[in-house]
2 protein chains.
Amino acid sequence: MATIKDVAKEAGVSISIVSKAFNNYVDVNEKTRQRIFDIANELNYTPNIVAKNLSSKKQMTVGLISSGVLNNNEKDNNAFDIFKGVYTAVSESQFELSIYLIDSLRQKQKSYAQYCRERNIGGAILQGIRIDDPYYKELIDTNIPCVVLDIMTETENGLIGSVSINNSDASREIAEYLLERNHRDIVIIAGTIETYVNTERMKGVQDAFKANNLELDDKHVLYAQFSEQEAYVLAKEYLQRKQPTAFLCFSDLMAFGVMKAVKEAGLRIPEDISVTGFDDLLLSSFTQPQLTTIGQNFFEIGKLSALLLLDLIENRMDEKHVYAQHLLMERESVKTLLNH
Amino acid sequence: MATIKDVAKEAGVSISIVSKAFNNYVDVNEKTRQRIFDIANELNYTPNIVAKNLSSKKQMTVGLISSGVLNNNEKDNNAFDIFKGVYTAVSESQFELSIYLIDSLRQKQKSYAQYCRERNIGGAILQGIRIDDPYYKELIDTNIPCVVLDIMTETENGLIGSVSINNSDASREIAEYLLERNHRDIVIIAGTIETYVNTERMKGVQDAFKANNLELDDKHVLYAQFSEQEAYVLAKEYLQRKQPTAFLCFSDLMAFGVMKAVKEAGLRIPEDISVTGFDDLLLSSFTQPQLTTIGQNFFEIGKLSALLLLDLIENRMDEKHVYAQHLLMERESVKTLLNH
DNA sequence: CTGTTAGCGCTTTCAG
DNA sequence: CTGAAAGCGCTAACAG
């Protein structure tokens, strides 16, 4: 393994010149630089990132801290798309990417701050983290720049950014979509209360109702913890008592559960009951019927968050929250009702 | 940021003792060790992995080099499962994981060997790599231990392992499955010729045919490059001339293409034509009809390959090729024909 | 333009 | 059991 020393010796210069040559310093004789490169090439030399990292006080790696991936529902590979987006953006920068997957099942989980300190991590992207996660708070309170996905942070630390779609807008759109089609008896399958995403989506629904001079009754809001199974159970229960014209679900996964319950109740979608989702999972275009839902581009979200993080690290960000685009994917699970 | 120095000073010992305490050396006074830990805790000290990596000559990180992930078909998230498996195994070891995603579209791609050298990588897992990849050859020729997935390596380097299902066995099984159901007019939708996986699967089919005293006609083998679209085109073409009783496909993706062609030809699956796949993608249980195929546990494959790599690195491997389990997933796309 | 020197934070002999 | 010292491969002043 050739080191900088070998190159320096072979080229008959000091190692600092070699270092400078490789770091594009201008004050290096062009001929010397060329000779150094030739020799480096010949020796198959390439600067050691680990050493570089240690000696330059700069932190050259960013972390992607992701919770719930390992024990995730296999139908949900959004995390993979986010990862690909992050990777793409980071690999085009000078930074290295380090990945830390958390798993509720895994005990010896170390604190995120410690994880970062150990690796000289200069900034992190947090995904799937709950706002009440103590490690999250701890990390935010360090001065490590962070970008969080799908949660809104409440600290006044200048180094926090966040990326998400505009959840309330998206939610309002899909609620209005149902309202325009004359649905009035809508059941909301919400996720986990007190979650940022849930709050925003709730707000969107309420806005849409208000805009139509309607009132959203609490009894029509069911909290299914973003779980397919839970949604299935709640919808099944509900259907034994009443039959709404539509279920508006805060995630596709929950919509799948609802669809199952509806079908088991002997009802047809969308003829008897309409269903909408949120996320646009891969499977959502393959359900029977295909699910009308809100599409998020997770690859893009990953990319945006990495870009935002790099901006934060270099202290030249314009805005701290960036919204990713969303799109109402109109498919087959909603029926237009007759106006009466 | 507390360093080892701070801890040493605070504890009134030399840094070498602190180092030893943290590395579980036995020759450290138990009381000293305890004091060091207490102080470290108090100071929020945690050893810096980068420095550790540099000073100890040992290589503490393994690489996952993965090709074709970024521009992959979105229906295919096997790479993600492999990744999760690798991550799981590596995170339970003392090693760090570094990921390198290649993309045919991406030019400034650096050689795998260089990638490893730059990061002090002590061993790598290669996924989605083609055997004729020049960088692959280069890496294999270094003495860096490697584990390759789904290809068989031909070098005599003692530090190469490989992991895959037993492709010829699996292929034979699914061919026999069709044969047992009295299919005799079978068209093989093969992948890319000269590919390890393809060769093995071909062998399996041939074995099954031979065992039944049948001959496989070259005219019944169509090479679709593992592409859904290509398979669709070839099957469509073929169906204009002849109508086999079954299509045996070397990947689920190609099976999807075939299914589309069959349906477009106005034929029913499996009533008119049976179809089988290979891989068991998530979608394969959601197609109409559900696809009978060979299931691979990619998470397990990832885990196995990481374990094998760690073994190789520590020079205590028993075998160089490990087979992962496969499973014939019997679903709805094959019909049993009447014996005549 | 180039070389010297002092680290980065840690591990690892080698003495004591 | 403990400490001093050399060094991992590189960067970054600071002189010249």
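Since the model is a prediction, treat every value here as computed from it, not as a measurement. Each chain gets a letter, A, B and so on, in the order the sequences are listed, and its residues count up from 1.
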## Note on the structure
With the side chain defined as heavy atoms from C-beta on, Ile4(A) is closest, among dC1(D), dC10(D), dC8(C), to dC10(D)
### Query
To the side chain of Leu54(B), which of dC10(C), dG9(D), dC1(D) is closest?
dG9(D)
### First of Lys20(B) and Phe22(A) reached from the 5' end of DNA chain D, by closest nucleotide
Lys20(B)
### Query
Should the pair Glu30(A)-Arg33(A) be classified as a salt bridge under the 4.0 Å nitrogen-to-oxygen rule?
yes
### Under-3.5 Å donor-acceptor pair between Ser16(B) side chain and dA4(D) base
yes
### Message
In this structure, how many angstroms lie between the C1' atom of dT12(C) and the CG atom of Asp27(B), rounded?
### Response
12 Å
### Query
Is there a side-chain polar atom (N or O) of Ser14(B) under 4.0 Å from OP1 or OP2 of dA4(D)?
no
### Query
Checking Arg35(A) side chain against Ala11(A) main chain: does a donor-acceptor pair fall under 3.5 Å?
yes
## Note on the structure
Taken to the nearest whole Å, CG/Asn120(A) to P/dC10(D) is 17 Å
#### Entry: N or O in side chain of Ser19(A) less than 4.0 angstrom from dA12(D) OP1/OP2
no
### Query
Whole-Å distance between dT11(C) C1' and Ile17(B) CD1?
13 Å
### Message
Can you measure Tyr25(A) atom OH to dG3(C) atom P for me and round it to whole angstrom units?
### Response
16 Å
### Query
Phosphate oxygens OP1/OP2 of dT11(C): is one of them under 4.0 Å from a side-chain N or O of Asn23(B)?
yes
### Query
Would one find a side-chain N or O of Lys52(A) under 4.0 angstrom from OP1 or OP2 of dC8(C)?
no
## Note on the structure
Comparing Val13(B) with Ser55(B), nearest DNA chain D nucleotide closer to 5' gives the residue Val13(B)
### d(CD1, Ile49(B); C1', dC8(D)) in whole Å
17 Å
### Query
Does Ser19(B) offer a backbone N or O that forms a donor-acceptor pair with the side chain of Asn23(B) under 3.5 Å?
yes
### Query
For Ile301(B), does its backbone N or O pair with a side-chain atom of Ser305(B) as donor and acceptor, under 3.5 Å?
yes
#### Entry: Whole-Å gap separating C1' (dC10(D)) and CZ (Arg117(B))
17 Å
### Task
Could you pull out the closest heavy-atom pair between Ala89(A) and Leu307(A), with the gap in Å?
CB-CD1, 3.8 Å
### Task
Let me know the distance between NZ of Lys57(B) and P of dT12(C), rounded to the nearest Å.
7 Å
#### Entry: Protein-nucleotide distance (Lys31(A), atom NZ; dC1(C), atom P), rounded to Å
12 Å
